[in-house]
Amino acid sequence: MVKLQQYHPSANTHSFPQPTPSDAQRRTIYALSTPPGKGGVAVIRISGPDAFKVWQAATRVVRPRAADKLPVPWVAELREVIDPVTREKLDDGLVLFFKGPKSFTTEDVLELQVHSGRAVLSSILQALSKLPYCRPAQAGEFTRRAFEGGRLDLTQVEGLRDLIDAETEAQRRVAVNSATGVQRARFDALRAQILDCLMYVEGFIDFGEDVDELGQEEMFEQACARAQEIIASIRLHLSDNRRGEILRTGIKLAIFGPPNAGKSSLFNFLAERDAAIISPIPGTTRDVLSLTLDIGGLPVILNDTAGIRRATADVVERIGVERAGDAVGTSDVSICVLSLEEAISRSTEGNIQVKIPDDVISHLKPDTIVLFNKSDLAVNLSSHDFWGPFRLALRETELDTTVRKCWNISIRTGEGTQEFVDGLASFLKERYAYSENMSLDESPLVTQARHRDYLESAVKHLEDFKSFPLSQIDIAAESLRYAARAIGAVSGLDVSAEEVLGAIFSSFCIGK
């Protein structure tokens with residue numbers, strides 16, 4: 001009989017190589033949380049169960065003889081950042097230790113505030129890689145841990161990302177509502193209404209036998225009326241012409257018109273630089289040029305397009321004209337630029353006549369803005385002089401209700417340009433119901449495509465609830481549960497699909 005000996009983990013470990021810990025085992029992550037490059041200060045963030053070990057291994061007191069006490073949570077301390085293997089000093093910096101769960105990720109977090117030089121950052125990140133219990137963070141992993149720890153919900157995660165990416169005041173305002181939990185509260189209020197309706201129905205199911213048939217029908221009608229009120233409320237948010245998504249991502253504005261009308265000149269004027277080539281030769285612009293602007297605090301994606309004309313033998317120009325048509329068709333707002341000297345003429349009686357090129361007419365659409373350029377070449381004319389004849393020309397093409405705004409400017413001399421820019425900003429603010437003093441109720445609720453999908457799903461389930469007869473009220477109650485689940489999924493409740501979470505967090509930078 002073989003006698004078994006007790007195995008001691010500490011024994012014989014020197015005889016076998018230790019396996020490299022997997023990423024699942026290395027729960028402590030690190031990354032640069034500020035943009036790389038030269039600067040005053042850079043922040044390196046470490047989060048996980050071994051953050052304190054990193055504090056011990058990669059930092060030390062500035063004065064060698066001073067006692068190295070335990071870190072005081074949430075208090076900055078000047079320490080040396082060192083290589084954990086060679087003990088070489090890499091930099092001096094402020095070190096902050098955040099004790100979980102009172103941290104962004106709800107885990108123990110260590111922040112190293114060091115000098116932002118490429119060599120300094122490279123040496124510190126390389127030193128951290130020598131620690132066997134640490135690994136580089138994946139994109140958005142810090143924020144994902146904050147979500148998994150209950151610090152943030154999905155709307156706050158999206159708002160945080162949008163706040164980092166915000167370039168205009170409108171984008172900042174929309175993002176702040178999400179990041180601070182305001183948007184979540186509004187979705188929670190919708191979900192609470194559905195749950196209230198569900199509780200009413202559940203009570204009816206449990207105690208309905210105590211009510212006569214007439215009373216049962218009345219109670220069910222009241223439940224259906226509540227569901228209809230919720231449907232109306234959700235549809236009001238869904239019928240906003242994608243206002244929230246557009247304010248978040250940018251208003252697509254296309255400049256179009258016949259060749260040599262001044263489209264590229266307008267593009268350069270709005271860009272405040274020579275972004276497009278300007279030439280008196282028709283067909284100079286061949287492709288769609290894009291840039292992002294801030295107009296009145298609103299994000300605008302401005303597109304310059306090729307001059308629209310069908311009679312061209314140039315194959316490349318024809319492709320450019322086709323792309324111009326596509327850009328106008330997919331734009332949120334379009335500006336039709338016409339040359340005043342070519343579009344305006346006088347009859348033999350002296351009356352003003354407006355001629356709109358046939359190639360351009362087909363691209364006019366609701367709320368197209370018309371800009372008459374080169375006013376310096378047409379003396380003694382104002383917008384009031386040709387507005388009537390212009391509407392008359394549109395009426396002849398059955399488009400008199402299409403164009404809402406019209407300006408008369410000269411980009412070359414600057415005449416009327418400030419009035420146009422101010423008017424354009426006012427037009428966009430009015431169209432997208434945006435103002436600097438916008439209240440919470442006026443701010444858009446739907447800011448992401450997935451929000452719209454979940455709200456539409458909730459409406460469908462609420463409609464299903466109303467379609468069931470009284471005899472199937474127990475089945476109808478399930479539709480209310482599905483509707484509540486759909487609204488909850490916006491904030492991350494009842495969400496378990498890895499691809500949904502992955503798509504959201506992968507859009508973050510590594511250090512966030």
Side-chain angles (χ1 to χ4, degrees), residues 18-62 64 68 70-71 73-100 103-149 151 157 160-161 163-165 502 505-512:
Q18 295 299 309
T20 302
S22 66
D23 285 352
Q25 292 173 308
R26 294 185 293 171
R27 284 288 299 163
T28 301
I29 57 175
Y30 64 89
L32 176 66
S33 290
T34 48
K38 296 180 180 179
V41 177
V43 177
I44 295 175
R45 177 182 286 169
I46 301 103
S47 177
D50 296 314
F52 177 66
K53 286 185 181 180
V54 178
W55 180 88
Q56 290 178 309
T59 71
R60 69 186 175 203
V61 291
V62 175
D68 199 0
L70 293 177
W74 315 291
V75 175
E77 179 187 4
L78 179 64
R79 293 177 69 85
E80 291 182 352
V81 181
I82 62 174
D83 187 301
V85 177
T86 65
R87 311 302 291 175
E88 175 191 1
K89 176 181 174 180
L90 304 177
D91 195 12
D92 288 326
L94 287 178
V95 178
L96 288 94
F97 182 76
F98 299 84
K99 183 65 179 173
S103 68
F104 174 69
T105 63
T106 71
E107 303 174 322
D108 287 351
V109 172
L110 182 67
E111 284 191 359
L112 308 177
Q113 298 183 10
V114 295
H115 297 99
S116 185
R118 294 187 184 276
V120 173
L121 296 176
S122 177
S123 64
I124 295 175
L125 293 174
Q126 187 175 5
L128 292 175
S129 70
K130 297 178 182 179
L131 298 172
Y133 41 81
C134 288
R135 64 172 175 84
Q138 298 176 357
E141 191 169 2
F142 289 98
T143 305
R144 178 157 189 162
R145 292 189 177 191
F147 168 74
E148 292 172 344
R151 176 72 64 212
V157 168
L160 184 60
R161 178 193 60 195
L163 192 59
I164 293 171
D165 294 337
F505 292 107
S506 63
S507 60
F508 278 83
C509 60
I510 299 296
K512 195 63 181 175

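Please read these numbers as outputs of a predicted model, since none were measured by experiment. Atom set for the values below is all heavy atoms of this structure, side chains included, hydrogens, waters and symmetry mates excluded.
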(request) Please report the shortest heavy-atom distance between His115 and Leu121, naming the atom on each side. (result) O-CD2, 4.1 Å
(request) Specify the closest pair of heavy atoms between Leu90 and Ser123, including all atoms of both residues, with the distance to one decimal. (result) CD1-O, 3.8 Å
(message) Which heavy atom of Ala76 sits nearest to which heavy atom of Leu94, and what is that distance?
(response) CB-CD2, 4.4 Å
(request) Determine whether Val157 and Arg161 make a side-chain contact, defined as any pair of heavy atoms from C-beta on separated by less than 4.5 Å. (result) no
(message) Measuring only between side-chain heavy atoms, which start at C-beta, is Val109 closer than 4.5 Å to Arg45?
(response) yes
(request) Output yes when a side-chain donor or acceptor of Asp108 lies under 3.5 Å from a complementary backbone atom of Gly100, and no otherwise. (result) yes
(message) Checking Lys89 against Arg60 for the side-chain contact (heavy atoms from CB on, under 4.5 Å) test, could you report, in this order, the C-alpha distance in whole Å, the side-chain angles of both residues, the deciding distance, and whether it holds?
(response) CA-CA 9 Å; Lys89 176 181 174 180; Arg60 69 186 175 203; 3.9 Å; yes
(request) For the residue pair Pro73 and Phe98, establish whether any side-chain heavy-atom pair is separated by less than 4.5 Å. (result) no
(message) For a 4.5 angstrom cut-off between non-hydrogen side-chain atoms, does Val75 reach Leu96?
(response) no
(request) Please determine if Lys130 and Asp83 form a salt bridge, counting it only when a charged side-chain N lies under 4.0 Å from a carboxylate O. (result) yes
(message) If you compare all heavy atoms of Ala127 against all heavy atoms of Ile82, which two are closest, and at what distance to 0.1 Å?
(response) CB-O, 4.4 Å
(request) Could you tell me whether the side chain of Ile46 reaches within less than 4.5 Å of the side chain of Leu112, counting heavy atoms only? (result) yes
(message) Could you measure the distance from the CD1 atom of Ile44 to the OG atom of Ser116? Nearest 0.5 Å is fine.
(response) 9.0 Å
(message) Tell me the closest heavy-atom pair linking Val120 and Asp91, and the distance in Å.
(response) CG1-OD2, 3.5 Å
(request) Output the distance between atom CG (Asp92) and atom CD (Glu80), rounded to the nearest 0.5 Å. (result) 5.5 Å
(message) Main chain of Pro36, side chain of Arg118: is a donor-acceptor contact present, judged purely on distance under 3.5 Å?
(response) no
(message) How long is the straight-line distance from CD1 of Ile124 back to CG of Leu128, given to the nearest 0.5 Å?
(response) 7.5 Å
(request) For Ser129 and Gln126, indicate whether the former's side chain and the latter's backbone hold a donor-acceptor pair under 3.5 Å. (result) yes
(request) Would you name the heavy atoms of Arg26 and Arg135 that are closest together and state the gap between them? (result) O-NE, 3.0 Å
(message) To the closest 0.5 Å, what do you measure between CG (Leu110) and CD (Gln56)?
(response) 11.0 Å
(message) A cation-pi test, strictly: NZ or CZ of Arg79 under 6.0 Å from the centre of the six-membered ring of Trp55 and no more than 45 degrees from its axis. Yes or no?
(response) yes
(request) Find out whether Gln113 and Val95 are in side-chain contact, i.e. whether some heavy atom of one side chain is under 4.5 Å from a heavy atom of the other. (result) no
(message) Less than 4.5 Å apart, side chain to side chain, heavy atoms only: is that true for Cys134 and Asp50?
(response) no
(message) Can you see whether Tyr133 has Arg27 sitting over its ring - NZ or CZ less than 6.0 Å from the centre and within 45° of the normal?
(response) no
(message) Is any side-chain heavy atom of Leu70 closer than 4.5 Å to one of Phe52?
(response) yes
(message) Exactly one of Thr28, Thr105, Thr106 should register a side chain to side chain donor-acceptor pair (under 3.5 Å) with Ser47. Which one does?
(response) Thr105
(request) Answer yes or no: is there an ion pair linking Arg151 with Glu107, defined by an N-O contact shorter than 4.0 Å? (result) no
